[in-house]
Amino acid sequence: MTGWTAGLRILSNLADRRRAHVTCRVPPGALAGRGFSGAAAAAGIASASRFAELDPYRAATHNKGVMNGVDAVALATGQDWRAIEAGAHAYAGLTGSYRPLATWRVDADGWLCGAISLPAAVGVVGGATKVHPAARLALEILGPTSGAELGQVMAAVGLASNLAALRALATEGIQRGHMSLHARSVALGAGAQGAEVDLLVHRLVESAEIKHDRAVLLLHELRSETR
């Protein structure tokens, strides 16, 4: 109809006209823990957010925390997570400076307020969402009625994931969480089962020696105590 010749037969993954917007407001008391007051944690998170707004090096890791959550939902529901990643990072740099996808501020009442805007060209009909049984099950459990609703869920999970990461970084540091994850893998490798896993993880972290041999020994002691 136009007389033009098509040069590229693919759409852009930068779906900036199909974005999901999510906001939240968190009471400071929900952020307190491990020697940090809720107010101090909220201030630290807001400061970390501002850092990401000013420094693209920090923003890259900030956004990685967002995408930890977004990608998990995308994978579970059969979406093209690589396209979502590409679009999100392109959107973060759309102004000419790489920016954080999620931002945090402390309001006049001391509550922590978060907001995120995320390109979310996702769907609940067709493609892998209907072919892959795990994706079908995930969508059935989640229950989104439209692609727009699924996009909002992804953005909400991304915002929550970012909050968890910033809270850890702004307070006790993220190393404790990493140690616990590593300790859980070691505990499972040592043969811990059921309720034993959490007990063994706790003992491994307390011992500061997260190794297989140590886990086997501690598991033996744990089972001896139980008997």
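Remark: E225 CD is packed, more than 12 non-hydrogen atoms of other residues, nucleotides or ligands lying under 6.0 Å away. More than 12 non-hydrogen atoms from other residues, nucleotides or ligands lie less than 6.0 angstrom from NE2 of H21.
A continuous path of Ile, Leu, Val, Met, Phe, Trp and Tyr side chains, each step under 4.5 Å between heavy atoms, connects L200 with L188, placing both in one hydrophobic cluster. A continuous path of hydrophobic side-chain contacts links I210 to L219 [ILVMFWY only; heavy atoms under 4.5 Å]. Hydrophobic clustering, with ILVMFWY side chains joined whenever heavy atoms are under 4.5 angstrom apart, keeps I84 apart from L75. Linking ILVMFWY side-chain heavy atoms closer than 4.5 Å, directly or via other members, places L218 and V216 in two distinct hydrophobic clusters.
Put simply, the side chain of H62 gets close to the backbone of A102: a donor and an acceptor are under 3.5 Å apart. When atom types are taken as modelled, the side chain of E209 and the backbone of S207 share no donor-acceptor pair closer than 3.5 angstrom. A donor-acceptor distance shorter than 3.5 angstrom exists from the side chain of R19 to the backbone of D16, with no hydrogens or angles considered. Formation of a donor-acceptor pair under 3.5 Å by the R167 side chain with backbone atoms of A32 is found in this model.
Taking CG of D107 as the start and CG of L112 as the end, the distance is 8.5 Å to the nearest 0.5 Å. Atom CG of L31 and atom CG of L163 lie 6.0 Å apart (nearest 0.5 Å). Taken to the nearest 0.5 Å, the CZ atom of R214 stands 8.0 Å off from the CG atom of L204. Atoms CD1 and CZ, on I141 and R136 in that order, are 12.5 Å from each other to the nearest 0.5 Å. To the nearest 0.5 Å, the span separating CZ on R223 from CG on L199 amounts to 11.5 Å. In this structure, CD1 in I45 is found 13.0 Å from OG1 in T103, a value given to the nearest 0.5 Å.
Scanning both residues, P28 and W111, for their nearest heavy atoms gives CD-CD1, 3.8 Å. Listed here is the closest heavy atom pair of A52 and P100: O-CD, 3.4 Å. The two residues A88 and L101 have their closest heavy-atom pair at O-CD2, 3.7 Å. Between A170 and F36, the shortest heavy-atom distance links the atoms O-CE2, 4.5 Å. Among all heavy-atom pairs drawn from N68 and S161, the shortest one is CB-OG, 3.7 Å. Minimum heavy-atom separation, V26 to A30: CG1-CB, 4.1 Å.
Between L14 and L94 there is a side-chain heavy-atom pair separated by less than 4.5 Å. Counting heavy atoms from C-beta outward, P144 and V153 have side chains that stay 4.5 Å or more apart. Using a 4.5 Å heavy-atom threshold, the side chains of E85 and N13 count as separate. Residues M67 and W81 have side chains not in contact (no heavy-atom distance under 4.5 Å, counting atoms from C-beta outward).
A search for side chain to side chain contact (heavy atoms under 4.5 Å, CB included) contacts involving R50 returns E53, L54, R105, not counting sequence neighbours. Not counting sequence neighbours, the partners of S224 by the side chain to side chain contact (heavy atoms under 4.5 Å, CB included) test are H220, R227.
The side-chain contact (heavy atoms from CB on, under 4.5 Å) test with Q79 is passed by exactly one of V124, L150, V70, D71: L150.
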- Task: For side chain to side chain contact (heavy atoms under 4.5 Å, CB included), just list the numbers for H182 and V186, CA-CA rounded to whole Å, side-chain angles, deciding distance to a tenth of an Å, and then say yes or no.
- Result: CA-CA 6 Å; H182 178 52; V186 173; 3.8 Å; yes
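Applying the salt bridge (charged side-chain N to carboxylate O under 4.0 Å, His left out) test to residues at least two apart or on different chains, the pairs with a partner in residues 109-125 are R25-D109.
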